Amino acid sequence: AFNQAAIARAFGTSLRVNSSVAQGTSVAQGTNVTTWDEFANAIKNRDKVININHDLDLEGISIDYDVTINANGNNLYANDNVVSITNHNSSSADLNVTVENANIYGTSTGTFSLYGNDGNVNLTLDNIKFTGGTLVWTNTDSLLPEHEYNLTFKGDNTVTAGEYNN
């Protein structure tokens, strides 16, 4: 982002920027975030690619759309918070979430929790290092509709059970 007012003052004029990117989409490079609030807003806006450019303390959040989250090698501290990946798509289409290039620290019983009342849930972890409690939890309640909860590892991944100091 840039300071529109400062640029306008430098050229002795006013400046209006019109975006051609519709809400809920992002340009090919993705949406860049450095704070929790920016990350939460990117999820709320349903941005398709989110680039995390600073270490983040994650709060509980629910993701219910296809997204790629690139942490760019930064640390994501989930602590005892949960990232819920929930498929509410009434057309029963698969939900696909990818998290890549992240150092993730979690102490909960499921840093990522997969739910799907209306379709399959696919979580791909690509080049991640995880330290903490349970990395992924899925609902195994036999009374729910039968859907698959899939975890796929790509690239170089390390999962270490144990405590950490942040």
Side-chain angles (χ1 to χ4, degrees), residues 23-26 28-161 164 166:
Q23 183 177 8
T25 63
S26 61
Q29 299 89 343
T31 300
N32 295 315
V33 302
T34 58
T35 67
W36 167 254
D37 288 338
E38 291 173 345
F39 178 77
N41 282 334
I43 295 293
K44 179 182 173 188
N45 293 335
R46 304 179 73 80
D47 293 337
K48 300 294 183 193
V49 176
I50 302 171
N51 296 305
I52 298 173
N53 294 318
H54 194 275
D55 292 351
L56 288 184
D57 288 320
L58 301 178
E59 297 179 20
I61 195 163
S62 183
I63 300 172
D64 64 356
Y65 70 99
D66 292 352
V67 62
T68 296
I69 300 167
N70 183 355
N72 292 301
N74 289 294
N75 297 324
L76 305 180
Y77 297 101
N79 300 313
D80 59 358
N81 294 303
V82 174
V83 177
S84 297
I85 302 171
T86 306
N87 193 341
H88 292 300
N89 187 333
S90 61
S91 69
S92 296
D94 286 358
L95 171 61
N96 301 293
V97 173
T98 299
V99 179
E100 57 191 21
N101 305 312
N103 301 311
I104 304 168
Y105 299 89
T107 60
S108 75
T109 56
T111 298
F112 295 99
S113 292
L114 310 182
Y115 300 92
N117 294 337
D118 296 313
N120 298 333
V121 178
N122 302 309
L123 172 61
T124 300
L125 300 176
D126 187 357
N127 293 316
I128 64 106
K129 293 179 183 172
F130 175 80
T131 302
T134 303
L135 174 59
V136 177
W137 178 90
T138 64
N139 192 339
T140 57
D141 186 342
S142 62
L143 299 177
L144 292 174
E146 292 187 28
H147 298 291
E148 294 180 6
Y149 307 101
N150 300 302
L151 172 62
T152 302
F153 286 101
K154 293 172 101 176
D156 185 21
N157 298 283
T158 303
V159 176
T160 304
Y164 70 92
N166 67 355

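Since this is a predicted model, take the numbers as computed values, not measurements. The residues of the chain are indexed from 1 along the displayed sequence.
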Restricting to non-hydrogen atoms, name the atom on [X] and the atom on [Y] that form the minimum distance, rounded to 0.1 Å.
{"X": "Ser62", "Y": "Thr86", "value": "OG-OG1, 3.9 Å"}
{"X": "Leu76", "Y": "Ala102", "value": "CD1-CB, 3.9 Å"}
{"X": "Thr138", "Y": "Tyr149", "value": "CG2-CB, 3.6 Å"}
{"X": "Val33", "Y": "Ala42", "value": "CG1-CB, 4.3 Å"}
{"X": "Tyr65", "Y": "Asp47", "value": "OH-O, 2.9 Å"}
{"X": "Thr34", "Y": "His54", "value": "O-CB, 3.6 Å"}

Worksheet item: Can you tell me how far CG of Asn45 sits from CD1 of Ile50, rounded to the nearest 0.5 angstrom?
Response: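 One finds 9.0 Å between CD1 of Ile50 and CG of Asn45.
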Discussion item. Is there a side chain to side chain contact (heavy atoms under 4.5 Å, CB included) between Glu100 and Asn127? Walk through the geometry before answering.
Written reply: CA-CA 6 Å; Glu100 57 191 21; Asn127 293 316; 5.7 Å; no
Close side-chain approach of [X] and [Y], heavy atoms under 4.5 Å:
{"X": "Asn74", "Y": "Leu56", "value": "no"}
{"X": "Leu95", "Y": "Asp66", "value": "yes"}
{"X": "Phe39", "Y": "Ile69", "value": "yes"}
{"X": "Val99", "Y": "Phe112", "value": "yes"}
{"X": "Ile128", "Y": "Asn103", "value": "no"}

Worksheet item: Donor-acceptor pair, Asn51 side chain versus Gln29 backbone, under 3.5 Å?
Response: yes
Worksheet item: Among Asn79, Asn81, Asn75, whose side chain to side chain donor-acceptor pair (under 3.5 Å) with Tyr77 holds?
Response: Asn75
Fill in: Of Asn120, Thr152, Asn122, the residue whose pairing with Asn96 passes side chain to side chain donor-acceptor pair (under 3.5 Å)
Asn122
Worksheet entry | Chi angles and distances behind the side chain to side chain contact (heavy atoms under 4.5 Å, CB included) call for Leu123, Leu114 | CA-CA 8 Å; Leu123 172 61; Leu114 310 182; 4.1 Å; yes
Practice prompt. State plainly whether the residues Arg46 and Asp64 are in salt-bridge range, i.e. N to O under 4.0 Å.
Written response: yes
Discussion item. Before you tell me yes or no, could you show the steps for Leu58 and Tyr105 under side chain to side chain contact (heavy atoms under 4.5 Å, CB included), namely the whole-Å CA-CA distance, both residues' side-chain angles and the distance that decides it to 0.1 Å?
Written reply: CA-CA 10 Å; Leu58 301 178; Tyr105 299 89; over 6 Å; no
Practice prompt. Using the side chain to side chain contact (heavy atoms under 4.5 Å, CB included) rule, take Val83 and Ile63 through it: C-alpha gap first, then chi angles, then the decisive distance, then the call.
Written response: CA-CA 7 Å; Val83 177; Ile63 300 172; 3.9 Å; yes
Discussion item. Going by side chain to side chain contact (heavy atoms under 4.5 Å, CB included), Asn70 matches just one of Asn32, Thr98, Asn101. Which one?
Written reply: Asn101
Worksheet entry | Ring centre gap for Trp137 and Tyr115 strictly below 6.0 Å | yes
